[in-house]
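See structure below.
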Amino acid sequence: MKLTIFAATGGIGRQVLEQAVAAGHDVTAVVRNPKKLSRQVRTVTADLAAADPSALEFAVDRADAVLSGLGPRSNSESKIVSQGTRAIVQAMQATDVRRIVVVSAAPIGTMPSHGRPKLPKHDPGDGFFMRNLLGPLVKAALRKHYTDLALMEDILHDSGLDWTVVRPPRLTDGPLTGTYRTAYGRNLRRGILISRADVAHLMLRVLEQPETIKQTIGIAN
Ligand SMILES: NC(=O)c1ccc[n+]([C@@H]2O[C@H](COP(=O)([O-])OP(=O)(O)OC[C@H]3O[C@@H](n4cnc5c(N)ncnc54)[C@H](OP(=O)(O)O)[C@@H]3O)[C@@H](O)[C@H]2O)c1
């Protein structure tokens with residue numbers, strides 16, 4: 001497939017890049033700092049905080065799918081995921097590219113947003129500990145970032161594109177196993193960790209699974 005990978009210098013993005021190249025896909029990486037790329041591939045340089053629409057259109061044009069591992073590197077970038085994803089979506093709409101796979105986070109299923117004001121209080125996959133102790137603590141600590149991820153999900157819902165949102169719990173730099181658990185629209189019971197490599201594996205795997213279009217997918221080891 002012809003794939004365009006945004007944030008290919010990040011933890012998940014780098015894994016998506018490596019696995020996509022290893023699988024023989026034709027890859028274009030979109031990054032703000034090409035020197036950080038782990039290998040040489042066709043590259044488009046763009047800062048998604050202030051991207052030139054024509055550069056993004058060039059990057060996604062004729063892609064079979066777009067993948068994004070975009071995330072904030074600091075608190076001052078707390079709106080970058082929605083801002084960047086909006087720009088990516090606009091470029092895809094302008095070039096008639098339909099398929100996009102992005103990373104969100106496990107708590108977003110219970111994070112109300114403008115587009116999804118009425119959500120269940122608890123994720124059906126979360127057990128007592130996650131619902132009552134860890135979940136509220138993490139949400140309070142990362143509220144700004146989660147608000148932005150929820151907005152990103154709204155943007156995709158409204159986009160008319162063929163999106164898939166992957167919602168991982170805490171990320172690790174552990175190895176690729178390919179033996180993780182997944183669930184549509186909910187988290188996984190006792191699923192508190194997943195490696196970035198396995199998240200990347202799922203992001204590429206869903207491209208061959210049309211039933212994952214317009215779905216959020218929980219993942220955990
Ligand atoms: N950490 C966790 O435990 C956890 C859990 C659940 C979900 N998540 C979510 O998973 C996502 C990815 O996580 P990760 O650990 O792979 O992230 P990461 O290593 O921090 O990578 C973030 C990527 O976004 C890029 N980026 C940031 N601002 C940009 C901008 N203005 N223009 C272009 N690119 C920009 C970075 O580029 P540079 O390399 O140039 O900085 C980098 O490639 C994040 O959204 C995070 O919220 C994280």
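First listed ligand is number 1; within each ligand, the first listed atom is number 1.
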Checking heavy-atom distances from atom 7 (C) of ligand 1 to each of Ser104, Pro107, Ala200, the winner is Ser104

Angle between ring planes, His201 versus Tyr180, binned at 30° and 60°: parallel, tilted or perpendicular? perpendicular

What protein heavy atom sits nearest atom 34 (N) of ligand 1, and how far away is it? Leu70 CD1, 3.8 Å

Quick one: which ligand 1 atoms are inside 4.0 Å of a heavy atom on Ala46? 33 (C)

Got the closest protein heavy atom to atom 12 (C) of ligand 1, with its distance? Gly69 O, 3.6 Å

Options Gly71, Gly13, Ala7, ranked by nearest heavy atom to atom 27 (C) of ligand 1, top entry: Gly71

Output the list of atoms in ligand 1 that are nearer than 4.0 Å to some heavy atom of Arg196, sorted by atom number. 1 (N), 14 (P), 15 (O), 16 (O)

Note: ligand 1 atoms sitting under 4.0 Å from heavy atoms of Asp47 are 30 (C), 31 (N), 32 (N)

Looking at Pro168, which atoms of ligand 1 are within less than 4.0 Å of one of its heavy atoms? 6 (C), 7 (C)

Winner among Pro169, Gly11, Ala49 once heavy atoms are compared against atom 6 (C) of ligand 1: Pro169

Could you tell me the residue and atom name of the protein heavy atom closest to atom 40 (O) of ligand 1, and the distance to it rounded to 0.1 Å? Arg32 NE, 2.9 Å

What do you reckon, is CZ of Arg42 surrounded by more than 12 foreign heavy atoms closer than 6.0 Å? yes

Minimum heavy-atom distance Gly13-Ile5, with the two atoms named: O-CG2, 4.2 Å

What part of Ile80 sits under 4.0 Å from ligand 1 if we count only heavy atoms: the side chain, the backbone, both or neither? side chain

Closer than 4.0 Å to some heavy atom of Arg170 - which atoms of ligand 1 meet that? 3 (O)

Closest heavy-atom pair and its distance - Leu48, Phe6: CD1-CD2, 4.0 Å

Atom 20 (O) of ligand 1: which of Arg73, Arg14, Gln15, His145 has the nearest heavy atom? Arg73

Counting only nitrogen or oxygen atoms and a 3.5 angstrom limit, does Ala105 reach ligand 1? no

Here the atoms of ligand 1 under 4.0 Å from any heavy atom belonging to Lys36 are 38 (P), 39 (O), 40 (O), 41 (O)

